[in-house]
Amino acid sequence: MLPELHHLRRLILLPRHRPAAVRTALSALVSVSASSGLLDHALAHFRSLRSQFPSHPPSARLYNCLLKCSLRAHRADLVEVLYRDMLLAGVPPETYTFNILISSLCDSDRIEEARLLFDNMPLKNCQPDEFSFGILICRYCKAGLTHRAVELLDEMERLGRSPNIVIYNTLISSFCKDGSIGEAEKLVERMRKDGLFPNVVTFNSRISALCKAGRVLEAYQIFRDMQEDKVLGLPRPNQITFNLMLAGFCKGDMLEEARALVELMKVGGSLASLQSYNIWLSGLVKCGRLLEAQQLLEEMVQQGIEPNSYSYNILIDGLCKEGMIYGARSVMSLMKKYGTSPDPVTYSSLLHWYCTRRNISGAIKILHEMTSSGCFPNSFTCNILLQSLWKEGRILEAEKLLQEMNKKGYGLDIVTCNIVINGLCENGKLDKAIEIVNGMWQHGSAALGELGNAFLGLVDDRNEKKKCSPGLITYSILINHLCKAGRLDEARKLLLEMMGKNVAPDSIIYDIFVRGFCNQGKVSSAFKVLRDMEKKSCRPSTRTYNLLIWGLGKKHQIEEILDLMNEMQQKGIPKDVRSYNNLIHALCDREMVDKAASILEEMLHNSILPNITTFSMLIRAFCKISDFDAAQAMFHGALTACGQKEVLYSLMCNEYFMYGKISEAKEFLQIALEKEFSLEHFPYKNIVEELCKEDMIDDGHSLINTMIAKRYLFDPATFMPVIDALGKKGNKHEADKLSEKMMDMAAHHDGSMVSFSDCLHGDSENKRKKQKQEVSLGSDWHNLLHRDDGSGIAMKLLKRVQKGWGQGSIPAPRPQNFDLVDEWEITN
DNA sequence: CTAGGGTTAG
């Protein structure tokens, strides 16, 4: 009934009541409303109080209550007004009052003013207390000014005041958060000397830091020690400890450990909070268990734990990332049905799906949907759009969006800067990008103003926190593009520069150099980078080694590749499908096809499933040496392992066509037509032409008829050889009929290879298909599950198929470019 | 009454 309470004011103010009673009643209304967060009501009552009883100042307690409420509502303006009123009314502020003021100033990024206030607190009634110190130390930490927080701690000790455990924990967790585990440990020592014992919060900070650094097993060790309470009297793990450990296992892809922990939590009754469920939900999603995640969501509802927007968003984002937009949509409907409104996170996830697919109209639709449901783009949303616009080369619109973001006061943070810098690099403005990054050290995001927009007004030196400085990703972008442009010396200079600025390189940045050197054929330099990584204790990854294998392959150094792969084995660096693909590529390049095929066996032995690239290379290699039986066997193996993929059929079709095997090529084309694949990558035109040349006009003719019957829209030139041949044979009637169809086709043909039905039937057929998918989440999820189930079976079948491969090879060169190197997009 | 540890999107 609280919101209704304010109607009482009129009754209270009736003249027949005693003034003292009215004052008491009004004060009560103010305090009740304020502590319930009803700021507007509280203020209205407060105004009545002040105007009715101007000579009776309210208590400091009442002011405090209002101040706290204003602070909660992030109304720094009100905080200031109320404080002035307090002074005006002659009410002396208390320490608590100052503490609220300090918090409020920090909230509006006025940390220096907060410090000033702290330093000038009247020593009489309100000396700074442990909260004053604690609040300021906390805010310094949050602003990234840890050194100033520590200075304040030192000052406390100088003043002979002993810091409490919360203050120590604040600092310890802050050090843990930026990875300074050593500093954190020093503080634990210091707090022990002060007679304070680390409590569960201290331990949680440590576990959190270890998990974040990928040292999950060490974290688990501590967790286990905490569970055995007899030992050193360590604090017992609480719900947060369990959550941290669970998140750690999930982050480290230790799904089974996570699952065991969840069971433990269930038994012990710790799997009770929404947050715990959300962590487990995101863990399942991260490990690709989307079906299980869906089941968990249902379980939550059954257990009476209402999923919140986090829960739904975790699932929706996961589905989008897996490409399952219909599944995501369906969860969004579920979300609405259960009374949770989609928020900017929900829409941003969907938007991202459309943007990565370069589906601009879809993206715009989402934006409309978003705004019409009262949700507005935030800086995440804008960054997604910004990146998309740069990718599309719509630079002017990107700049406009940037201006708009600036106007709306969205923080142009380091992510925004990185998007713009990457955009510039990809649009041939590498030097401009370098210039901007240099400027960023001075002006932060305002350096983007050098794009031509007047952003220099953004310079704000008061906030050390807000100034965004170039980081690891920023340098990775520049170095990557410098290497791609062959400017390795400059790249190396930038590496030194970043290390000088205390930005530590990671293995990805070293990989960029490895790739750069390999690209230039300087494999020995690339190896120097590898050894340098080892020296700098920056563990080379599978990717690093894959790049080196690729580099060696380019130089036909097969022996060296084999040595390197042995080294991987010894150093415990797992080989993946790309490692083997690079080796197979090198072998095929050296015309060692049988050896290449035998690598397949080794892969299977090591439980590494070959992918389409693996099979494609081998198929091409076998075709090249005219071992078409082996190529066929490979093809069937590929279908088993990878599924009925269009690329596999088009590859066979193209290969057979290239080697003059027209009727085989035709058969593959026919299968493609039956399966209603896109014909985009099939040489259908050449096949028809060739069939006519070889006096198989009927075959060509029937192919065309099938294509028409299946409502394909294809290159009208395909008709010509058939029409010509029919004409020559005197079949004028058929020739005319085809000419007519050709004209019809030409009228619709725009160079793209879409199915005819898409055009003629206004998408209705497609829509029906899509709706079918949309009805059940099931179909998408089923596919995903099927993929998991499928791989094992595929492996077994493959093992059967592979027998009989690899015999006989005739050397032949193989000029083909495959995408053998890992993608080089710099992403987080 | 006010400061510390855990979940979602770029």
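Below, read A as the first sequence line, B as the second, and so on, with proteins coming before strands; counting in each chain starts at 1. Quick caveat: nothing in here was measured; it's all calculated off a predicted structure.
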**Q** Minimum heavy-atom separation for A:A293 to A:L281, with atom names?
**A** O-CD1, 3.4 Å

**Q** Quick one: A:M191 CE to B:dA3 P, roughly how many Å, whole number?
**A** 19 Å

**Q** Classify the side chain of A:N204 versus the base of B:dG6 as yes if they form a donor-acceptor pair under 3.5 Å and no if they do not.
**A** no

**Q** Taking any heavy-atom pair under 4.0 Å as a contact, classify A:N199: base, sugar-phosphate, or nothing.
**A** base

**Q** Please determine whether a side-chain nitrogen or oxygen atom of A:R72 lies at a distance below 4.0 Å from atom OP1 or OP2 of B:dT2.
**A** yes

**Q** Which nucleotide in the list B:dG5, B:dT8, B:dG6 gets nearest to the side chain of A:N313?
**A** B:dT8

**Q** Of all the choices, B:dT2, B:dG5, B:dA9, which nucleotide is nearest to the side chain of A:S173 once you look at every atom?
**A** B:dG5

**Q** Can you tell which of B:dT7, B:dA9, B:dA3 lies closest to the side chain of A:I135?
**A** B:dA3

**Q** Evaluate side chain to side chain donor-acceptor pair (under 3.5 Å) for A:D129 paired with A:T95, printing each intermediate quantity in order.
**A** CA-CA 7 Å; A:D129 61 3; A:T95 299; 5.2 Å; no

**Q** Using a cut-off of 4.0 Å on non-hydrogen atoms, how would the nucleic acid contact of A:S174 be classed: base, sugar-phosphate, or nothing?
**A** nothing

**Q** Choose from B:dT7, B:dG6, B:dA9 the nucleotide whose nearest atom is closest to any side-chain atom of A:P344.
**A** B:dA9

**Q** Send over the distance from A:K212 NZ to B:dT7 P, rounded to a whole Å.
**A** 10 Å

**Q** Any side-chain N or O of A:K286 less than 4.0 Å from the OP1 or OP2 oxygen of B:dT8?
**A** no

**Q** Is the centre of the A:F249 ring less than 6.0 Å from the centre of the A:Y220 ring?
**A** yes

**Q** Using a distance-only criterion (donor-acceptor N/O pair, under 3.5 Å, no hydrogens), is the base of B:dA3 paired with the side chain of A:N99?
**A** no

**Q** Whole angstroms only, please: what is the CG-P distance between A:L296 and B:dT7?
**A** 17 Å

**Q** How long is the line joining CH2 of A:W280 and P of B:dT7, in whole Å?
**A** 16 Å

**Q** Would you mind telling me which of B:dG5, B:dC1, B:dT7 lies closest to the side-chain atoms of A:K68?
**A** B:dC1

**Q** Check whether the ring centres of A:F133 and A:F118 lie less than 6.0 Å apart, and answer yes or no.
**A** yes

**Q** For A:I100 and B:dA3, what is the distance between atoms CD1 and P respectively, to the nearest whole Å?
**A** 10 Å

**Q** Answer with base, sugar-phosphate or nothing: what part of the nucleic acid does A:S348 contact at a heavy-atom distance below 4.0 Å?
**A** base

**Q** Under 4.0 Å between any heavy atoms, over every strand shown, what does A:Q387 touch: base, sugar-phosphate, or nothing? Just pick one.
**A** sugar-phosphate

**Q** Scan A:I167 against the nucleic acid and name what it touches under 4.0 Å (heavy atoms): base, sugar-phosphate only, or nothing.
**A** base

**Q** In whole Å, I'd like the distance from the CG atom of A:N243 to the C1' atom of B:dG5.
**A** 10 Å

**Q** Calculate the interatomic distance between A:K142 atom NZ and B:dA3 atom C1'; express it in whole Å.
**A** 8 Å

**Q** Counting only side-chain heavy atoms from C-beta out, which of B:dG6, B:dT8, B:dA3 sits nearest to A:S208?
**A** B:dG6

**Q** Measure across A:P342 and A:C375 and return the closest heavy-atom pair with its distance rounded to 0.1 Å.
**A** O-SG, 3.7 Å

**Q** Counting side-chain heavy atoms from CB outward, which of B:dG5, B:dA3, B:dT8 is closest to A:I314?
**A** B:dT8

**Q** From the options B:dT7, B:dA3, B:dA9, select the nucleotide whose nearest atom is closest to the side chain of A:F380.
**A** B:dA9

**Q** To the nearest Å, give me how far apart CD1 (A:I325) and C1' (B:dA9) are.
**A** 13 Å

**Q** Looking at every strand, decide which applies to A:N164 at a 4.0 Å heavy-atom threshold: base, sugar-phosphate, or nothing.
**A** base

**Q** Hey, does A:D343 reach any base, or is it just sugar-phosphate, or nothing, if we go heavy atoms under 4.0 Å?
**A** nothing

**Q** Quiz question: going by heavy-atom distance under 3.5 Å, is there a donor-acceptor pair between the base of B:dA9 and the side chain of A:N378?
**A** yes

**Q** Could you tell me whether A:Y347 and A:F376 have their ring centroids closer than 6.0 angstrom?
**A** no

**Q** Side chain of A:S205, heavy atoms from C-beta onward: which of B:dG5, B:dC1, B:dA9 has the nearest atom to it?
**A** B:dG5

**Q** Of the nucleotides B:dT8, B:dA9, B:dA3, which has the atom closest to the A:Y310 side chain?
**A** B:dT8

**Q** Less than 6.0 Å separating the ring centroids of A:F223 and A:F242?
**A** yes

